[in-house]
Structures are given as structure tokens and as C-alpha cells.
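Here the structure is a predicted model, which is why all the values come from computation and not from measurement.
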Amino acid sequence: MQDTAAPAETLIYPLTDIMSLLPLDTMFPVAQPLEVELGAGDGGFIAQYAALRRDRNIIAVERLLGRLRKIDRRGRRAGLTNLQGVRVENSYLLQWLVPPGSVDGVHLYFPDPWPKRRHWKNRLVTEAFTEIVHGSLKPGGVIYLRTDAVDYFEQMVLVFDANQKFERVETPAELAAVTTDFERGFNAKGIPTNRAAYRKKA
């Protein structure tokens, strides 16, 4: 269903209550499947994706207000009404702010790799994170992962492969073609993107 509503004055959702579920039925003008990007940065990916998939409602999660404002500008310039930015920590939104089993897709692209081994404990993708993602996804929902850090990619694959509630699937070519600003920069230098996707089993 195509959305014909007028663009909002801002696409940054005013999160005033972090103890209650987001009112998804009023956040977006049209009820349709929900996807979330964690750590959306400046919006290089999510603004493109939301424009291509106007049949999806999309939440861009970003902790830094300056980055959210860039996403807001990009989204409003494109006339998007299916995109909302939320300023909060990534895993907090999935665990506490979206209704359990409500998300069709999660996008996690190039999270901080914390390259020093002693800092690996700070990485987002852990065994516990796979459970948080599982709780937020609908049966058949998918998490899409990308990183340029080979050792972090190995960790991502290890923990999701170990969670028997997921099955590994291919990233659709049309999705892989929508790249982030960061990704285009290092791809131009010959650094490849490592991708994986996992579907929640019914």
C-alpha cells in the first residue's frame, strides 16, 4: 500500500517514556510491516532503503542526536513518511520498546568492532544479543548483518549459528545493493563487505 500522507515536520520520534512500548499504530500513517536499523549513523543506508521500500515502516535507531538530525533531513527531502528516527541504545529498543514478535527485519551494519581483544566484551553481537533479536522478530523475520571486520564477522556468525532458533539465509541481492556511505568508501579501497542473514524459525 502506497502512503500518500504529507511528510511530517520532523522524522525524529520524541521518545519521552523509555518504560513503555512504542505506539507503532500512531508512529506511522499506514500500518505495514516493521523493520529496524540499529546504529543508523548518518542515514546513508536507511534513507535509500526506506525510499525503495515504502511498503515497510522503518525505525532508524541512533544514539547521537546530530546523526539523527541528518537522517531526518535526508528523509524529509525524500518525502518519506515511513521512516522514524529514535534516539536510544540499540539493544534497548529491541528488548524494551518494540512489542515482542513485532519486527519483520533488523539491519545491523558495521557496528563498532572494538578491535582490541581486551575490548571485545563491549561488542554488541553476543549470545545474549541473539536472544534479544529473537524476541523482537516475528516468526520468519530476518536479521541482516554486515561488517568489514573479519574477526567480528566470525564472532557474529559463531553466535547466530549456535542459536538453534535461527537458520542462516542469503541476503537478497537487491538489499545488498543498497550500501552505506561508510561501506562505499572502504569498498572503493578494495576492502570487502562481509554479510550474513539469519531467519527466526517459526
Side-chain angles (χ1 to χ4, degrees), residues 33 35-53 56 58-64 66-68 70-71 74-75 78 80 83 85 89-91 93-94 103-134 136-137 140-201:
E35 298 194 20
V36 175
E37 185 185 15
L38 302 178
D42 293 343
F45 165 80
I46 207 63
Q48 296 178 76
Y49 185 67
L52 290 171
R53 297 302 307 266
R56 298 285 173 124
I58 300 170
I59 296 175
V61 182
E62 178 53 57
R63 185 173 56 84
L64 299 179
R67 290 179 176 176
L68 268 185
K70 290 181 180 179
I71 294 171
R74 281 180 154 173
L80 300 177
L83 176 63
E89 294 291 340
N90 291 327
S91 58
L93 180 128
L94 289 185
V103 180
D104 290 83
V106 175
H107 303 266
L108 177 61
Y109 301 149
F110 309 97
D112 191 334
W114 293 96
K116 295 181 179 179
R117 183 176 290 272
R118 66 178 181 273
H119 294 153
W120 284 8
K121 64 182 182 295
N122 297 322
R123 287 175 169 176
L124 177 62
V125 182
T126 61
E127 292 179 15
F129 177 74
T130 70
E131 290 297 329
I132 292 171
V133 172
H134 182 269
S136 71
L137 286 173
V142 180
I143 179 167
Y144 301 97
L145 304 165
R146 298 184 198 177
T147 181
D148 60 314
V150 175
D151 60 337
Y152 196 7
F153 182 69
E154 291 172 350
Q155 177 182 327
M156 292 176 175
V157 169
L158 182 68
V159 295
F160 273 99
D161 279 348
N163 191 324
Q164 296 302 304
K165 300 172 187 176
F166 288 94
E167 59 185 350
R168 191 164 179 177
V169 296
E170 292 295 321
T171 300
E174 61 271 22
L175 175 58
V178 184
T179 55
T180 73
D181 295 340
F182 179 72
E183 185 174 8
R184 288 190 292 275
F186 70 70
N187 285 171
K189 298 176 182 177
I191 302 171
T193 299
N194 301 287
R195 297 185 187 86
Y198 289 86
R199 178 188 293 130
K200 177 179 176 176
K201 296 178 181 178

Any donor and acceptor pair, going by atom type alone, linking the side chain of [X] with main-chain N or O of [Y] inside 3.5 Å?
X    : Y    : value
R74  : I46  : no
E62  : G41  : yes
D148 : T193 : no
Q155 : Y152 : no
D42  : K70  : no
Y144 : P172 : no

Check your understanding: Are the ring centres of F186 and F110 closer than 6.0 Å?
Key -> yes

Nearest 0.5 angstrom please: [X] [atom1] to [Y] [atom2], how far?
X    : Y    : atom1 : atom2 : value
K201 : H134 : NZ    : NE2   : 9.5 Å
D112 : T147 : CG    : OG1   : 10.0 Å
L93  : I59  : CG    : CD1   : 5.5 Å
T126 : L124 : OG1   : CG    : 7.0 Å
L158 : D161 : CG    : CG    : 7.5 Å
L83  : I71  : CG    : CD1   : 7.0 Å

With H107 as partner, the option from E37, E35, R146 fulfilling side chain to side chain donor-acceptor pair (under 3.5 Å) is E35

Taking all non-hydrogen atoms of both residues, which atom of [X] and which atom of [Y] are closest, and how far apart?
X    : Y    : answer
V157 : A196 : CG2-CB, 4.3 Å
L68  : A60  : CD2-O, 4.0 Å
S136 : V106 : OG-CG2, 4.4 Å
A197 : V142 : CB-CG1, 4.0 Å
V169 : Y198 : CG2-N, 4.2 Å

Given the options L108, V103, L137, V133, V36 meets side-chain contact (heavy atoms from CB on, under 4.5 Å) only with V103

Between [Y] and [X], does any NZ, NE, NH1 or NH2 come within less than 4.0 Å of an OD or OE carboxylate oxygen?
X    : Y    : value
R53  : E174 : no
E167 : R199 : yes
D104 : K200 : no
K165 : E131 : yes

List the steps and the verdict of side-chain contact (heavy atoms from CB on, under 4.5 Å) for V125 and F153.
CA-CA 10 Å; V125 182; F153 182 69; over 6 Å; no

Take L175 and Y49 through the side-chain contact (heavy atoms from CB on, under 4.5 Å) test and state the conclusion after the steps.
CA-CA 8 Å; L175 175 58; Y49 185 67; 3.7 Å; yes

inquiry  = Test side-chain contact (heavy atoms from CB on, under 4.5 Å) on F129 and F160; report intermediate values, then the result.
reply    = CA-CA 9 Å; F129 177 74; F160 273 99; 4.3 Å; yes

Would you please say whether a donor-acceptor pair under 3.5 Å links the side chains of T179 and R184?
yes

